[in-house]
Asks: 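One structure, as structure tokens, below. Some questions next.
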Amino acid sequence: MQAGAVAFPNAAAPAQARPTMRYLRDTGSAVLASRFASMPDSRQDIRWAWDRAAALAADFIHNSGRLKGAVDQVKADTVGTELKLNAQPDVAALGWTDEERSAWKRLVEKEWRQWSWNPAECDQRGKLTIPQIVDVSLNHFVAFGEACGALGYMPAAMRQRYNIRSGLKVCATSPVNLVRDTMEFEGLFQGVIHDVNGRPQAYRVRSRRDGMMETQDYAARDRFGSALFYHVFDPKDPDDVRGISELAPVMKTWAMSEKLDDATLQTAVLQTIFAATLTSPEPSAAAFEAIETLKEVSVDGHPIGMDLIGDFCGALGARLDRARESKVAISDSQVNHLGPGEELEFKTASTPGGQYLPFSTHLQRIMARCIGVTFSSFSLDHSRATYSSVRMENASIWPVVLRRRERIAAPICQSIYEAWLTESVVEGRIPFKGGIAAFMAHRDKATWAEWVGPPPPTADDLKSAKAATERLGNRTSSLAIESASVGYDPQDIAAMRQSDIELYEGYDMGDPYLPIDAAMSRPVTELEPEPTNG
């Protein structure tokens, strides 16, 4: 090393970045690093976003025919016209025979249907039937993520005033009226009051009465354990106490879809209005500036520039005068004659472009998937549907429909049914073997029921019927399963068939349900003519 030289140590070679096997490995453009997220707390997230999500969801549904139709489709798929009661009392321990159980079951189902379809009997306001209350609850579930209502009791004096029998009255309310106040040291979280075990004890509701807003606490259950207030939602976490709009995950998508549709429509309208262009060979402003230089032109010392300019302007004026005076009339319309060399061209709308439909379809698929309906029912686009695609579409979405029916609609009906049946037995409108004491001791088993909704849609009814026949023939199914799959109670079907058989045989027409081949091979018994006197 020479004197005065500076020695530098050998720099270490940079280590090569190697991919590693781990979660959240980012891309070169740092896609994940640029996206900030916090640890989730479902209960707090719902509390902070509930008001904004509810307001946006209600606004979207109120101002969109497509979303309103999707909500109607949710109701049609989930409950149809109504959820039919299929009472399943477990009364074997009480010594009931099968005949007694069947007779009591039919009586309960008949009385329930008459009561639930009478607004004066079932609704506190006297306006809605139980199926309509369930419809409103499904509206609230989609928009607000939950549905709620109180079960009240009307005293005998007031019942005489309205000439009604039952005291139980349902008062459905909007989840907006369920306050969002939170005081955790008192057990109150988003309007639900809990005990030390986290069980709901009461619901705080703010409503308008006589022009004034008032707040009232409704007990969750009475001292016998019967529900006094129903509150159903689809929890995302075990600690959740409120639901949130089903549209919350796709609000950004729907807002972009609306903006895309509006911008496309406005562009198409503008292009339709300004669709005619006039092309003319007349000189532009730059040409007129060039004409100004003709003033300096001279021939043999004589200036002729002004004469040239005058001739040009005269010729142009003559052409415009001729165009102004000429016209062609077509019926009631008038078309002015264009000047020489001018061309009138009509433009066609170039919006929407080739990318509009694929992107719009993609957004609609996202919306339909989130709401829980099929893409075909959401968009009413069946242009590319085939038998296989329709079957697979229904097969993938129908479990979602059944889950919504069992988690949201059926619990509402069950809460009302239990309170109605308890009152009916206690007040003697429906008899119960063993009396009121036996019923109250076995109320959970006596009020057990199933709620039957509409069957799944089919692409080909004949093929579906043949498949059911094959399952029954192979002994891999039962009449109860197949009847429930098409939305009927098997005992109701049996009772109707028995009634039909008795009716037909009373007219000597034979069994109407006997297969054609068996009916044709059955021997015909001819009646002997009665002997006549003489």
Side-chain angles (χ1 to χ4, degrees), residues 36-61 124-125 133 136-153 168-249 251 407-409 411-412 414-416 418-419:
F36 296 97
S38 59
M39 291 295 293
D41 185 343
S42 178
R43 187 166 72 166
Q44 293 290 349
D45 291 344
I46 292 174
R47 175 191 170 192
W48 292 330
W50 198 95
D51 284 17
R52 180 62 174 163
L56 285 175
D59 180 71
F60 286 155
I61 295 174
Q124 175 69 27
R125 306 174 182 88
I133 291 175
V136 172
S137 300
L138 287 174
N139 285 338
H140 291 164
F141 171 70
V142 176
F144 308 126
E146 54 190 352
C148 56
L151 304 180
Y153 186 81
L168 175 66
K169 297 294 176 284
V170 183
C171 184
T173 185
S174 171
V176 175
N177 296 329
L178 189 60
V179 302
R180 271 81 66 197
D181 300 339
T182 297
M183 291 181 287
E184 295 193 54
F185 60 91
E186 295 182 0
L188 175 65
F189 195 92
Q190 275 196 286
V192 184
I193 303 173
H194 300 79
D195 63 7
V196 294
N197 295 317
R199 297 194 174 198
Q201 297 299 303
Y203 296 85
R204 185 160 296 174
V205 178
R206 182 182 295 115
S207 58
R208 182 181 298 275
R209 179 173 297 179
D210 299 330
M212 301 291 292
M213 297 299 297
E214 66 174 15
T215 301
Q216 182 178 353
D217 290 347
Y218 290 84
R221 294 184 177 275
D222 62 11
R223 62 189 181 93
F224 298 106
S226 296
L228 297 176
F229 193 95
Y230 65 85
H231 178 222
V232 295
F233 62 96
D234 190 6
K236 309 299 186 295
D237 190 84
D239 292 331
D240 288 349
V241 297
R242 299 285 297 269
I244 194 168
S245 173
E246 293 293 289
L247 302 179
M251 284 183 175
R407 301 289 195 277
I408 305 300
I412 297 175
Q414 183 67 25
S415 299
I416 301 172
E418 291 177 2

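The structure displayed is predicted, hence computed values, not measured ones.
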Asks: Can you find a pair of side-chain heavy atoms, one from Val192 and one from Gln201, that are under 4.5 Å apart?
Replies: no
Asks: Counting neighbours of CE on Met212 that are heavy atoms of other residues, nucleotides or ligands and sit closer than 6.0 Å, is the number greater than 12?
Replies: no
Asks: Is a donor on one side and an acceptor on the other found under 3.5 Å between the side chain of Ser415 and the backbone of Ala227?
Replies: no
Asks: Do the charged groups of Arg206 and Glu214 touch, with an N to O distance under 4.0 Å?
Replies: no
Asks: Would you mind listing every side chain to side chain donor-acceptor pair (under 3.5 Å) that reaches into residues 179-194, with sequence neighbours excluded?
Replies: Asp51-Arg180
Asks: When rounded to the nearest 0.5 angstrom, what distance separates CD1 in Ile133 from CD1 in Ile416?
Replies: 5.5 Å
Asks: Going by salt bridge (Lys or Arg N to Asp or Glu O under 4.0 Å), name the residues that satisfy it together with Asp45, two or more places apart in sequence or in a different chain.
Replies: none
Asks: Return the minimal non-hydrogen interatomic distance between Leu178 and Gly191, and the atom names on each side.
Replies: CD1-O, 4.0 Å
Asks: Sub-3.5 Å donor-acceptor pair from the side chain of Trp50 to the main-chain atoms of Gly243, do we have one?
Replies: yes
Asks: Ion pair present between Arg43 and Asp240, side-chain N to carboxylate O less than 4.0 angstrom?
Replies: no
Asks: Quick check against the 3.5 Å criterion: does Asn197 have a side-chain atom that pairs as donor or acceptor with the backbone of Arg199?
Replies: no
Asks: Is there side-chain contact between Phe144 and Ser174, with heavy atoms separated by less than 4.5 Å?
Replies: yes
Asks: Would you sort out whether Tyr203 and Phe229 count as a ring pair (Phe, Tyr, Trp, His ring centres under 6.0 Å), showing the intermediate values?
Replies: CA-CA 8 Å; Tyr203 296 85; Phe229 193 95; 4.5 Å; yes
Asks: Return the CG to CG distance between Leu228 and Asp222, rounded to the nearest 0.5 Å.
Replies: 5.0 Å
